[in-house]
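Computed from a predicted structure; not experimentally measured. Below, read A as the first sequence line, B as the second, and so on, with proteins coming before strands; counting in each chain starts at 1.
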Amino acid sequence: MSGAKKVKDDIAQRAAVLMHGAAEVISLPELEQRLKLGRPLRIKLGLDPTAPDLHLGHSLVLKKLRDFQRDGHTVIFLVGDFTAMIGDPTGRSETRKPLTREEISTNAETYRSQAFKILDPDRTEVRFNSEWMDEMGVRRLIQLAARQSVARMLERDDFEKRLEAEEPLFLHELLYPLIQAYDSVALGADVELGGTDQKFNLLVGRDLQRSMSHEPQIVMTMPLLEGLDGVRKMSKSLGNYVGITESADEMFGKLMSVSDTLMLRYYELLTDTPTAEIEKIRKHEIHPMEAKKRLAETIITEYHGAAAARAARHHFESRFQRGEIPRDAQVFRIASALWICELMKQLKFAPSTSEARRLLGQGAVRVDGKTITDVNFRFVPGEHEVIEVGKRRVARIKP
RNA sequence: GGAGAGGUUCCCGAGUGGCCAAAGGGAGCAGACUGUAAAUCUGCCGGCUUAUGCCUUCGGAGGUUCGAAUCCUCCCCUCUCCA
């Protein structure tokens, strides 16, 4: 085999590895060609600093970026601070309220520290799009807008749907894909990553780069991860997420509550488990509950280490399968007898007295293992000790 | 600028003078069943220290009325058609 041929094969192989797990790459030949240049590529990921909690859904994209880093490429972590200040409507039918500069920088910092749980900080460039957008000015913005037709922008699925449904669509929303695209120009992105829902925006980046005589970026989309409900995509605002900074115990509990079907999906997307192994689980050759525990352990190991993952499993088995009161349950001190509803409120086990009453009425409250239904029950520290509300909320009360 | 439709509790959506804290569905919570799975069934689902009781809520501000989410006035916002 000649040297040149070998290099070629190597590149094909690198490209194949990088593509692994992606939903779509546009286009593979271009990626190979770009890799052939032999220089570190600039891999862009844009994030809006709105809801500053990264979750397992983000981890798919972040892990893919890490793959690129391991091959020596540079990741550009683009914080859309400019866009966030205007109030980003992307993907939502209602306009978000704009964030202040201060909120944005706090959120951006949170993002950054969370992202570095997965990314290599030495190969990551953190940038903000206000860097160039603040300077742009109306004249240049209009010139930029002249590069894309309205019809082209309206091809975007959610724009089309909203128009169809007679829901409001504002002018500035049409501008968003364009600004995101311009970020790619400004950054000289070689590749841009995103969820499959970002495909349109990423492609506009390609168009714009081409129209401004830049090399068009390669677009790589990652599958969207379903949230804990198994239906809608994982997102903070839907509350169906597992955050990457959550404790091992919380992660374990959340992952165990997932349906068997979703478990298989998580195996595929979130772990490197071989297909053959996943098939076994699908065919129930492994008890689904055991499989789910392994899934939880595997995922938790990535963020907390193997020891913590094992501990989380033990904790789960003790707490929920054997119904034991955890030794490390939160301890709360009260000086004297307290009305049970008030106690629940103070523990944040119920958001209001009314809710506390309802829970009592439904038999959800136990004190030292005994169900309490009396709304007037008074909790006496010393005499009573453990309060449980529902399956998940427990506290030890001490005088 | 003109004509029409519309803004309801977390979301969708019914309600056009008292029976409305407001149908129904979704989400959520709790209980049963379980593997804290799914499916299913049942209940809850604005707030208030004890309630056949009170308070707050139906885009906003006023008004009519014994009584308003429902009627009137003005204002704000969205959509459609015409220009």
| query | What integer distance in Å separates A:Arg162:CZ from B:U78:P? | reply | 13 Å
| With both distances under 3.5 Å as the test, what is the Watson-Crick or G-U wobble partner of B:G67? | none
| query | Roughly how far apart, to the nearest Å, are B:C33 and B:A38 at atom C1'? | reply | 12 Å
| Of all of residues 314-322 of chain A, which get a heavy atom below 4.0 angstrom from RNA chain B, listed by number? | A:Phe316, A:Phe320, A:Gln321
| field | For atom CD of A:Glu167 and atom P of B:C11, their distance in whole Å | value | 14 Å
| Is there a donor-acceptor contact under 3.5 Å from the side chain of A:Lys236 to the main chain of A:Gly243? | no
| task | Output, in order, the C-alpha distance, side-chain angles, deciding distance and verdict of ring pair (Phe, Tyr, Trp, His ring centres under 6.0 Å) for A:His384 and A:Phe377. | result | CA-CA 11 Å; A:His384 307 301; A:Phe377 184 87; 5.1 Å; yes
| message | For the backbone of A:Gln217 and the side chain of A:Gln209, can you confirm whether one donor and one acceptor N or O come within less than 3.5 Å of each other? | response | yes
| Connected via hydrophobic side-chain network under 4.5 Å: A:Leu37 and A:Leu35 | no
| In terms of ring plane angle, is the pair A:His172 and A:Phe170 parallel, tilted or perpendicular, where the classes change at 30° and 60°? | tilted
| task | Would you kindly give the CZ-to-P distance between A:Arg357 and B:A51, to the nearest whole Å? | result | 7 Å
| said: Which nucleotide, if any, forms a Watson-Crick or G-U wobble pair with B:C29, using both distances under 3.5 Å? | reply: B:G43
With 3.5 Å as the limit, what N/O pairs link the protein to nucleotides 24-32 of chain B?
from  : atom 1 : to       : atom 2 : distance (Å)
B:C29 : O3'    : A:Arg393 : NH2    : 3.3
B:A30 : OP1    : A:Arg393 : NH2    : 2.7
B:A30 : O2'    : A:Gln362 : O      : 3.3

| For A:Met344 and B:G47, what is the distance between atoms CE and C1' respectively, to the nearest whole Å? | 16 Å
| said: Tell me the interatomic distance from A:Met256, atom CE, to B:G35, atom P, rounded to whole angstroms. | reply: 11 Å
| said: For the P atoms, the ones on B:C74 and on B:G25, what distance do you get once it is rounded to whole angstrom? | reply: 40 Å
| Counting distance only, does the side-chain N/O of A:Asn240 pair as donor-acceptor with the main-chain N or O of A:Ser235 below 3.5 Å? | yes
| task | Round to the nearest Å and state the distance from A:Glu164 atom CD to B:C79 atom C1'. | result | 14 Å
| field | Donor-acceptor contact below 3.5 Å, side chain A:Lys63 vs main chain A:Leu270 | value | yes
| message | Between A:Tyr182 (side chain only) and A:Pro177 (backbone N and O only), is there a donor and an acceptor less than 3.5 Å apart? | response | no
| request: Hunt down the Watson-Crick or G-U wobble partner of B:G62, both distances under 3.5 Å, from any strand shown, or write none. | output: B:C72
| B:G43 to B:G67 separation - P atoms, rounded to the nearest Å | 38 Å
| said: Classify A:Lys345 by what it touches in the nucleic acid, base, sugar-phosphate, or nothing, heavy-atom distance under 4.0 Å. | reply: sugar-phosphate
| query | Does B:U52 pair with anything, Watson-Crick or G-U wobble, both distances under 3.5 Å, and if so, with which nucleotide? | reply | none
| note | Mate of B:U57 across any strand shown (Watson-Crick or G-U wobble, both atom pairs under 3.5 Å) is none
| Of all of residues 274-289 of chain A, which get a heavy atom below 4.0 angstrom from RNA chain B, listed by number? | A:Pro288, A:Met289
| said: Tell me which nucleotide, if any, is Watson-Crick or G-U wobble paired with B:A3 when both distances must be under 3.5 Å. | reply: B:U80
| Is A:Ser259 touching bases, backbone alone, or none of the nucleic acid, heavy atoms closer than 4.0 Å? | sugar-phosphate
| field | Watson-Crick or G-U counterpart of B:A14, or none if no pair lies under 3.5 Å | value | none
